[in-house]
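We name chains A, B, ... by the order of the sequence lines, and we start the count at 1 in each one. No experiment lies behind these values; they were computed from the predicted model shown.
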Amino acid sequence: MPEVNLVGGVTMALSRALEEDENVVVLGQDVGVNGGVFRATDGLLDLFGDKRVLDTPLAEGLISGMSVGMAAQGLRPVAEIQFMGFCYSAIDQMINHASRLRNRTRGRLTCPMVMRMPYGAGIHAPEHHSESTEALFAQIPGLRVVIPSSPGRAYGLLLAAIRDDDPVVFLEPTRLYRAYREQVDDDGKALPMDTCFVLRQGTDVTLVSWGAMIKETLECADTLALDGISAEVIDVATLKPFDAATVLKSVEKTGRCVIVQEAPLSVGFASEVAAQLAEHGLMSLLAPVRRIAAPDVIVPLAGLEQNYIPKLDRILEAAREVVAFS
Amino acid sequence: MPEVNLVGGVTMALSRALEEDENVVVLGQDVGVNGGVFRATDGLLDLFGDKRVLDTPLAEGLISGMSVGMAAQGLRPVAEIQFMGFCYSAIDQMINHASRLRNRTRGRLTCPMVMRMPYGAGIHAPEHHSESTEALFAQIPGLRVVIPSSPGRAYGLLLAAIRDDDPVVFLEPTRLYRAYREQVDDDGKALPMDTCFVLRQGTDVTLVSWGAMIKETLECADTLALDGISAEVIDVATLKPFDAATVLKSVEKTGRCVIVQEAPLSVGFASEVAAQLAEHGLMSLLAPVRRIAAPDVIVPLAGLEQNYIPKLDRILEAAREVVAFS
Amino acid sequence: MTAKKTGASVDLSKVHNDPAVATFQIGYRQYLNAEGTLAADLPDFATERDTMVAMYRCAVLTRTFDAKAVALQRTGKLGTFPSSLGQEAVSVAIGAAMSAEDVLLTTYREQGAHFFRGVTLKEVFMFWGGDERGCKTSGPKDDFPFSIPIASHTTHAVGVATAMKLRGQAHVAVCVLGDGATSKGDFYEAINLAGVWQLPVVFVVINNGWAISVPRHKQSSCETLAQKSIAGGFEGEQVDGNDIIAVRTAMDEALAQARAGLGPSLIEALTYRLSDHTTADDASRYRAEDDVSARWKKDPLVRLRNYLVGQDWWGKSDEESLLGECKSRVNEAADAYLDTTPQAAEAKFESLYDDLPEVISAQRQWVK
Amino acid sequence: MTAKKTGASVDLSKVHNDPAVATFQIGYRQYLNAEGTLAADLPDFATERDTMVAMYRCAVLTRTFDAKAVALQRTGKLGTFPSSLGQEAVSVAIGAAMSAEDVLLTTYREQGAHFFRGVTLKEVFMFWGGDERGCKTSGPKDDFPFSIPIASHTTHAVGVATAMKLRGQAHVAVCVLGDGATSKGDFYEAINLAGVWQLPVVFVVINNGWAISVPRHKQSSCETLAQKSIAGGFEGEQVDGNDIIAVRTAMDEALAQARAGLGPSLIEALTYRLSDHTTADDASRYRAEDDVSARWKKDPLVRLRNYLVGQDWWGKSDEESLLGECKSRVNEAADAYLDTTPQAAEAKFESLYDDLPEVISAQRQWVK
Ligand SMILES: Cc1ncc(C[n+]2csc(CCOP(=O)(O)OP(=O)(O)O)c2C)c(N)n1
Ligand SMILES: Cc1ncc(C[n+]2csc(CCOP(=O)(O)OP(=O)(O)O)c2C)c(N)n1
Ligand SMILES: [Mg+2]
Ligand SMILES: [Mg+2]
C-alpha cells in the first residue's frame, strides 16, 4: 500500500478517476507540465495526455464557467483554482449556474463538476493565499462542499466528488498537504459525502472541526486524555449537506461541545454547528457551546499568521471550561 | 415631513448625501436618465449632473473595482448593483480589496464606498432576481453589512453608510420598496450602524429578523398579542458587526427565541444569531431556539416563490411552540 | 461623465519604427438593404423558396408570440417579458443556420432561434410565467436555457465547444449575446480561450442599440463591436442584422469554419430594439419616440416579405393564412400554458441534486 | 489541447460588401536594439546624461535588491519573492516617466517602478517578509500597494482615473500588468471603461513570456497583446521592453496624451522573465535552459550601460562605485528589515476599520 501525504492522496484520486472514466478532464492554471503549484496534478499530463489535462489561460471565472459547459456535455471536469483567495471570481458561476443547472432545467442538463482548491493559512505564503471562506460555499443550495483532513479521506472523498453527478467544491487544507504520510490503498473506494467522520470516540466532550484544524483538535483530545477527560472528535468533512445528526448524537452522550474553525468567528460554519445544537440539542447541553475561531479580522500576512490560526491552548481552555461547567 | 416608501427613503438619503458632500458620487447601470431599475436614483441626474451620477457600462466587477479606486482617491462612491443575483462578479473586489485596503496599507489608503443592491424574493421577477445571500458578505472582515426594513431606517442607515469611512454593503428588501409609506424627516440624521433596533418590547418571546421578513415577524407579534403572548421584536439591521448583546439581553428576559430569515436555512445569518445564544445565552434559554428560514433549495421562479418565502404561520407555530415549551 | 476628448494641443506624433506588426480590418455584410434592393450577389440558399419561407414563417411566429406575451404580462398572466420586436431576423437566422447537434446558448431575448430549433411556444410561456419546467425544452437536448445573468453563458459556450473539440465532433457551440454583454469580463475570457484553443464556437453579438437605458455609444467607444474579436485573436465582422440573408450567410460561413476545425468567429449583427427593454421597462424615459419610428422603416420582416414577394414566392393570401396560423398557434399555446397545473410546492426539492440529501428532503414539510 | 488548425478544405472566402468599416494597426517601437545600435532617431531625454544615468542607477539597484531578496528567501528570512530579473528596464522607465501626482498601480513584480517613486527598499522587504507595514510606503501617498490577485487592480486604475477626470486634474493612473493578466475579465472591463470615458490612464502590459509555467502563446492567440486595446476602442502599441529609451518614450507620450484629456493608451512591453516565477517556483520543470540563456543576450541593463558608455557618460569606475553603493544600500535595508520589531499580535485589529466595532475589539484577548 502506498504511503502518501494529503496532496499525494489527491493526485492518486485524480489519476484513478482519469483512468476509470474517460469523461474525467483535469483543468486549471499550470496543472499540465508544471503539475500544479502544489504538484497535485504532477505526472498526470504525461500519463493521460493533453486532451485530459488542460492548462487554461489565467481566468478563474472562465475555469468555472467552462467547467459548467463541459459538464453539461457529459464530461466530468475537475478544475483546480490555485488558491482560495482567487476563487472569488469563480463564485458567480458556482452560485448562478453550476449549482442550479439541474434544477432550472428540471434535470435536462446536469453539472457533474468538481472545483478543487487549496485553502487555509500557515504556509507562510503571500497575501490572499491563506483564506478560509468555506462558509461562502456551504450556504449555496445545489452545491456540495467537502473538506478532507487526512490523506485517506482526500483520496476517498475526491473520488466520491468526481463520481458525483452534481457540482462539488473540494477544499484542500494546504497546511496538511505535506504534514504527514499514511498508507492509502488505491482501491478506488469512495468515501460517503453525506456523513461526518467520528475520528475518536469519547464521552465527556464533543470536539467538532474540519480541515487543517483537525490537527489541533486531535491534539486537544490527546492532551485532555492525559487529564482523564475523554473527548469525542468529529471531522465534519462534508459541510454541505451537513450531517448534523452525528454531532447531535455525540452531544447527547457528552453534553458538551467545542467547535473549532480556522475562519473568523462570525457567520462561519461553526455558527451552523452551534445553531443546530441550540435548535435540536438544547436538552442535551450541560454547558454552553463554545466556538473557537480566528478573530473577525483580515487574515494577516505571514508575520502574524501563526498567531491568527486558533491555537491549541485556546481550544484546550475552552474544552476544560465546558467540561468543568456545571 | 414627507411621506415616503422605502425606495423613497433611499432616494432621499442619496440626494441629501450628494448635496452635503461633493465627494459623493452615485454610479451604476441605468442610474442616470432612467433613474435606476427601481427608480432609487430617480431625479438625481437632473439635480446633480453627470459628474455626480454616472451610468457605467454593464459590468459589476468593474463597478465594485472602480469604486475601490475612486474611494482610495477620497471620493465616496455609492454604487448600485441592479439585483443581488448579479453581485457575485463584484464579490472578488469586495473581499480581496474593498474590505482590506485600509488594513493592508495600515491606513494609508481607505475605501469609503457603499455597494447598494435590492435583494429578496416576492416581486414576481425573473430568475436570479430574488436572492437573499446576505450571509456571504456578513462573514467578511472589514466590511459592514446593513439592511434597512423601513423607510425611515433606509434613510438613516444609508446616510450612515455613505458617511462611514469603510466599505458598506447595503441591502434593500425589494418586497418592501413600495410596501407602505411613513413620514421621514429629511433632517440629515444618520442612524447607528452598530446596533439592533428593538421594534417592539415584549416579555414572553424574542423574535429576531431583518429585511423583508420584518413584516411577517411584526405580524406574528401582533397575532401573538391577541393570545396574550408578549413578543419582543428585534430588527438586526446591521449584520456586520452584529450587536448580539441586544439579542442576548432580550432573551435573558424572555428565555425564548425565534429567528426568522428569508434565506435558506443552512449557514445563513440566523445560524450566527442562534450560535450566539448557544454560546452566550444558554443559561437564559427556557426553550430550544428556533430558526424559521426557507428550505435549502434554489430560489424558485415566480410560480413558487410565495410558498418559498417563510410564511407567517410557520413563524407563529414556532413562536407558540417555544412559548409553550417547558 | 462626458466622453469627449477635451485636450489642448499636444504633439502626439509617434515614432513607429515598424508601423505595422499587426493589422486588422472589420468588414460589413449586407445583401438586402432597407430599401429592399440588392447590395450584393445572393448566396445559394437565398434562391431556395423553402429555406427563405421557413425563416419568414418563424420570424412572423416570433413576432406574434411576442405580442401575445406582452399582452399576457399586461393582464397579470405572465411575469416580466423581454420582447424581441424588430430583432426577429437575426434570431431566426441563427436558429435556421444551426444543425440539431450544434448547441445554442443565448440570453433571454432569442425566442426566434429557440422556436426554430423546436422549443415550443408553451415552454417559453412557462419560463416567463415562472415555471422551471419551461426550461425542460423540446428542442435539441443539449441547448442551454435562457441565461439571465448577462454574458455568464459565454464561458459555458467555450466549455461546450471544448467538449466537442476533445471528442473530435464537428459540432459547434453558438453563443448569442447583446451589445451590453460585451462590457462584461466573462465575454473576453471566453473569446480569448476560443482563440487560443481554436474552438468550434460562433459568437453572435446582437447589437440592438441599447442595454436597458444605456445606448451603445455609452457602452463602449469601439467603432464596431465586431472588433472585440481582435482581443481574442480571431476575426470578427459586422452584418446588417435586419437582413436575414446577411445574418444567415455569415452564420453558414462561421459554422462551416468551426466544423472544419478552423476556429471561432464573431458576428456583430446590427439591429434595433423596437420595444421597451422588458415589460418592466418604460423606454420613453430615456429615448425619443422619433428615433424609434425611424427604425421601424428598417423592419426586418417587411424587408424579408418584400423579397419573398419580389421572388413571386409569396402573396397576400399566403400572408393572411400565415398570420391566422400564427395567431391560432400562439393562442393555443397560451391557453395550454394557462391551463397547466401549477408545479406542486414540493417541486422545489425536485431536480436539486441527483440524490437529494436526507437533511434537505426533510424540509419538504415546510412548504406543505 | 492543441491550438493547431486541423481543418480540411472549406471555402471561407467571405463577401464583404464594405471590406473595411474599421481598420487598425499595431506598431512597434525600438531605439536601442539588442546589438546596441540605434534603430531610430533618439528622443530628447535620451541625450540628457542625468536622466539616463538616473534610470540606470535605479535599474542596477533593483537588480541588486532582487538578488538579496532571493538570497534572504533561500535562508528562510523572507517569504516567497517574485524576482524581476531581466525586466528592470521597463519597470524603471515607468517609474521615471511618471510625476509624483500620478498614481501607480502594479502587480507584485514592479519593484523598479516603486523604488524610482520613493518606496524604500526596506518597505518592500517588509511586505515580502510578511508585514503589512511594508505597504504603508514612503512613495507618493496615493500609489496602490502591490496587487496579488492578477488583474484585479486594473479596475482600481480606472476608478482612480475617473476621480482625476471628475476633478479636472491633469494626473494619470498608470496600471502595470503581466501577459497572463490579459486573460482575465477585469482587464477588459477596465480598458472598455477607459475607452468610453476617455480616462487619463495608461495600461502597460509587461509581456515577459510567461505566466508561471504557461507560455505567452498558450495564453492567447493574439499576434500582439497591444491589440487588446482595440477591444477598448483605443490605440495600443508594442515596444521593446528591454530598451529603456523605447519604454520611456512610449510612456512620455501616453502620459502627455492622458494629461491633455485625449484618453487612454496601452503599451505592450516585450521583455523576458529570466528568473523563476517566484522563489516558490522551479522553472526548469517547464522551460529549457537554452531559451533562457539566449534571452540573457538581450539583458536590458547591459544594453543601457553600453549606451551610457558610448555617450561617454559612464566608465568602469562609475560602474564599480554604483555596484558598491547599491550593495551597501541593499544590505543596510535588509539589516533594517531584519531588525524591525515584529508587529504586535494585536496589530491585526489595527487599521481594520476607521472605528473598530466593540464586538471585534473584544476579540483581542484571543491573540494575546
Ligand atoms: C450581470 C447582469 N447585470 C445586470 C443585469 C440586468 N440587466 C438585464 S438585461 C440588461 C441589459 C442587457 O443589454 P444587452 O446585453 O445589450 O442585451 P439586450 O437586453 O439589449 O438584448 C441588464 C443590465 C443582468 N441581467 N445581468
Ligand atoms: C486571480 C489570480 N489567479 C491566480 C494567481 C496565481 N498566480 C500568481 S502569478 C501568476 C501568473 C501571472 O502571470 P503574468 O500576469 O504574466 O505576470 P508575471 O508573473 O509574468 O509577472 C499566477 C497564475 C493570482 N495571483 N491571481
Ligand atoms: Mg442590447
Ligand atoms: Mg508574465
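- Around atom CD of Glu19(B), no more than 12 heavy atoms belonging to other residues, nucleotides or ligands sit under 6.0 Å away.
- Of all heavy-atom pairs spanning Pro145(D) and Thr105(B), the tightest one is CG-CG2, 3.6 Å.
- Of the atoms belonging to Ser67(B), not a single heavy atom falls under 4.5 Å from chain D.
- Atom CD of Glu22(B) has 12 or fewer heavy atoms from other residues, nucleotides or ligands within 6.0 Å.
- The line from CZ of Phe146(D) to CZ of Arg104(B) is 10.5 Å long, rounded to the nearest 0.5 Å.
- The residue among Ala173(D), Pro357(D), Ala190(D) with the most heavy atom pairs within less than 4.5 Å of chain B is Pro357(D).
- Nearest heavy-atom pair across Thr155(D) and Gln93(B) is OG1-NE2, 3.3 Å.
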*Could you go step by step and tell me if Thr110(B) and Asp354(D) meet the side chain to side chain contact (heavy atoms under 4.5 Å, CB included) rule?*
CA-CA 9 Å; Thr110(B) 61; Asp354(D) 174 50; over 6 Å; no
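- Smallest separation of non-hydrogen atoms from Lys240(B) and Tyr353(D): CE-OH, 3.8 Å.
- To the nearest 0.5 angstrom, Asp355(D) atom CG is 8.5 Å from Asp166(B) atom CG.
- For the pair Pro57(B) and Glu189(D), the minimum side-chain heavy-atom distance is 4.5 Å or more.
- Of the listed residues (Asp165(B), Asp194(B), Leu109(B)), the one with the most heavy-atom contacts under 4.5 Å to chain D is Leu109(B).
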*asked:* Under the criterion side chain to side chain contact (heavy atoms under 4.5 Å, CB included), I'd like the reasoning laid out for Leu62(B) against Val158(D): C-alpha separation, chi angles, the key distance, then a yes or no.
replied: CA-CA 9 Å; Leu62(B) 169 71; Val158(D) 292; 3.8 Å; yes
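- Listed options Leu356(D), Thr154(D), Ile360(D), Thr137(D) were ranked by heavy-atom pairs under 4.5 angstrom with chain B; first place goes to Thr137(D).
- With Arg108(B) contributing its side chain and Asp143(D) its backbone, the two residues share a donor-acceptor pair below 3.5 Å.
- With chain D as the partner, the residue from Asn96(B), Leu143(B), Leu101(B) showing the most heavy-atom pairs under 4.5 Å is Leu143(B).
- Of the atoms belonging to Ser89(B), not a single heavy atom falls under 4.5 Å from chain D.
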_Apply side chain to side chain contact (heavy atoms under 4.5 Å, CB included) to residues Gln73(B) and Thr162(D) and explain how you reach the verdict._
CA-CA 10 Å; Gln73(B) 282 281 303; Thr162(D) 298; over 6 Å; no
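- Note that the CG atom of Asp55(B) and the CH2 atom of Trp197(D) stand 8.0 Å from one another [nearest 0.5 Å].
- Heavy-atom contacts from other residues, nucleotides or ligands closer than 6.0 Å to NZ of Lys141(D) number 12 or fewer.
- Here Arg133(D) is the residue among Met164(D), Arg133(D), His153(D) with the most heavy-atom pairs under 4.5 Å with chain B.
- Closest approach of Leu166(D) and Met70(B) over heavy atoms only: CD1-CE, 4.4 Å.
- Proximity to chain B (any heavy atom under 4.5 Å) is restricted, for Gln343(D), to the side chain, taken from C-beta onward.
- A heavy-atom distance below 4.5 Å is not found between the side chains of His97(B) and Phe144(D).
- Residues Pro241(B) and Glu358(D) have side chains not in contact (no heavy-atom distance under 4.5 Å, counting atoms from C-beta outward).
- Chain B forms more heavy-atom pairs under 4.5 Å with one residue of Asp186(D), Asp142(D), Val359(D) than with any other, namely Asp142(D).
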